[in-house]
Amino acid sequence: MTTPFELPANSPRLTDAERDRALVLLREGAAQGRLSHDTFVFRMERALQARRPDELDLLTADLRTEGTWTRRVVGAVERMSAFTARLGRAWHAERLPKLLLPLPGPHPLRIGRDPVNGLRLSHETASRLHAELSMQSGMWVLRDLGSTNGTTVNGRRVTGAVVVRAGDVVGFGQMSFRLSHG
């Protein structure tokens, strides 16, 4: 009786290029989660000990599911999908109203619904005293003032203070703006 790795003696000899291709397939299979660590280590050892192409074929047969044409088509679809996602983000971002950064002064620009704020927001999701924008050490700093619905910069919630610059998208509750120098 033969084991799965016993092959006929008349098989052709293994080339370095064939071994390298098999090792790449095994690494990719492990990286994609298609092989457990133990299986990966076992097969790598067997691939390094192999003397005939048939031995490598047995080690990689379950990993050869896609042909070159399939990989190219899937790669093209992935690139197109990434492009359309970036295009959608850019389309949305350019439609945001601009929030001009003020001239640096001794007092921060207060933002919120209260009429005493330098920037008065009329949306109900903005707090009365929502946030403040100030120049500190040559950098613009946006600080949330304990708002109910939060302050965001580029989609991330601000829990204290964060450095901002022209081009950043800032949000106060459900109102969003793109920071600009003018």
Side-chain angles (χ1 to χ4, degrees), residues 1-96 98 125 137-144 147 149-181:
M1 180 170 184
T2 63
T3 65
F5 292 102
E6 290 179 22
L7 299 166
N10 59 356
S11 295
R13 297 224 12 118
L14 183 65
T15 67
D16 288 338
E18 289 171 319
R19 186 184 318 273
D20 289 343
R21 279 193 295 274
L23 294 173
V24 166
L25 272 174
L26 291 170
R27 276 190 230 107
E28 287 174 358
Q32 295 168 356
R34 296 173 67 193
L35 295 176
S36 71
H37 177 72
D38 291 340
T39 302
F40 170 70
V41 170
F42 172 79
R43 289 187 186 187
M44 287 294 280
E45 288 173 359
R46 287 294 195 151
L48 293 171
Q49 295 170 358
R51 293 188 175 168
R52 295 182 301 272
D54 298 353
E55 294 177 77
L56 293 180
D57 289 342
L58 287 171
L59 296 170
T60 60
D62 60 336
L63 300 175
R64 298 174 192 247
T65 57
E66 299 176 347
T68 303
W69 188 82
T70 303
R71 282 194 302 275
R72 287 183 182 165
V73 169
V74 169
V77 169
E78 287 173 344
R79 287 188 299 279
M80 191 60 167
S81 178
F83 170 75
T84 57
R86 284 194 325 267
L87 183 63
R89 284 192 303 271
W91 179 264
H92 176 70
E94 290 305 315
R95 293 176 19 204
L96 290 174
K98 289 182 181 178
T125 60
S137 302
M139 297 180 292
W140 286 104
V141 176
L142 181 66
R143 180 182 317 279
D144 183 79
S147 64
N149 293 308
T151 302
T152 60
V153 175
N154 298 324
R156 293 199 168 145
R157 187 149 184 175
V158 175
T159 55
V162 65
V163 174
V164 294
R165 58 190 57 84
D168 285 343
V169 174
V170 295
F172 310 103
Q174 291 183 3
M175 295 186 76
S176 294
F177 302 90
R178 179 170 298 282
L179 291 178
S180 175
H181 283 294

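Below, each value reflects all heavy atoms present in this structure, side chains not excepted, and no hydrogens, waters or symmetry copies.
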Point-to-point distance, once rounded to the nearest 0.5 Å, from CG of L25 to CG of L56: 10.0 Å
When every non-hydrogen atom of A47 is compared with those of L59, the smallest separation belongs to N-CD1, 3.5 Å
Heavy-atom side-chain proximity of R43 to L35 below 4.5 angstrom: yes
Do V170 and T151 come within less than 4.5 Å of each other through their side chains, counting heavy atoms only? no
Side chain to side chain contact (heavy atoms under 4.5 Å, CB included), that's the test. Do V162 and V141 meet it? Break it down for me. CA-CA 5 Å; V162 65; V141 176; over 6 Å; no
Is there a side chain to side chain contact (heavy atoms under 4.5 Å, CB included) between L96 and F177? Walk through the geometry before answering. CA-CA 6 Å; L96 290 174; F177 302 90; 5.9 Å; no
dist T159:OG1 -> R143:CZ (nearest 0.5 Å) comes out at 11.0 Å
Is it true that a side-chain atom of T60 and a backbone atom of L63 form a donor plus acceptor pair closer than 3.5 Å? no
Which pair of heavy atoms, one from S147 and one from D144, lies closest together, and at what distance? OG-OD1, 2.6 Å
Any donor-acceptor pair under 3.5 Å from T152 side chain to G155 backbone: no
What are the two closest non-hydrogen atoms of S176 and V169, and how far apart are they? CB-CG1, 4.4 Å
Under the side chain to side chain donor-acceptor pair (under 3.5 Å) test, residues paired with N154 that sit two or more places apart: D168
Stepwise side chain to side chain contact (heavy atoms under 4.5 Å, CB included) test for L23 and M44: CA-CA 7 Å; L23 294 173; M44 287 294 280; 3.6 Å; yes
Side chains of W140 and V164: does their closest heavy-atom pair fall under 4.5 Å? yes
Over all atoms of both residues, closest heavy-atom pair of S180 and A166: CA-CB, 4.3 Å
Euclidean distance, F172 CZ relative to M175 CE, rounded to 0.5 Å: 9.0 Å
Cationic N near anionic O, under 4.0 Å, R52 to D57: no
Report yes or no: does E55 contribute a side-chain atom to a donor-acceptor pair with the main-chain N or O of R51 at less than 3.5 Å? yes
How far does CZ of R46 sit from CG of L26, to the nearest 0.5 angstrom? 13.0 Å
Rounded to the nearest 0.5 angstrom, the CZ-CD distance for R19 and Q49 is 9.5 Å
When you measure from the side chain of N149 to the backbone of T125, do you find a donor-acceptor pair of N or O atoms at a distance under 3.5 Å? yes
If you measure only the distance, is there a donor-acceptor pair under 3.5 Å linking the side chains of S81 and T84? no
State, with a plain yes or no, whether a side-chain heavy atom of R165 is found less than 4.5 Å away from one of L179. no
Got T15 and D20 here, is their nearest side-chain heavy-atom distance under 4.5 Å? no
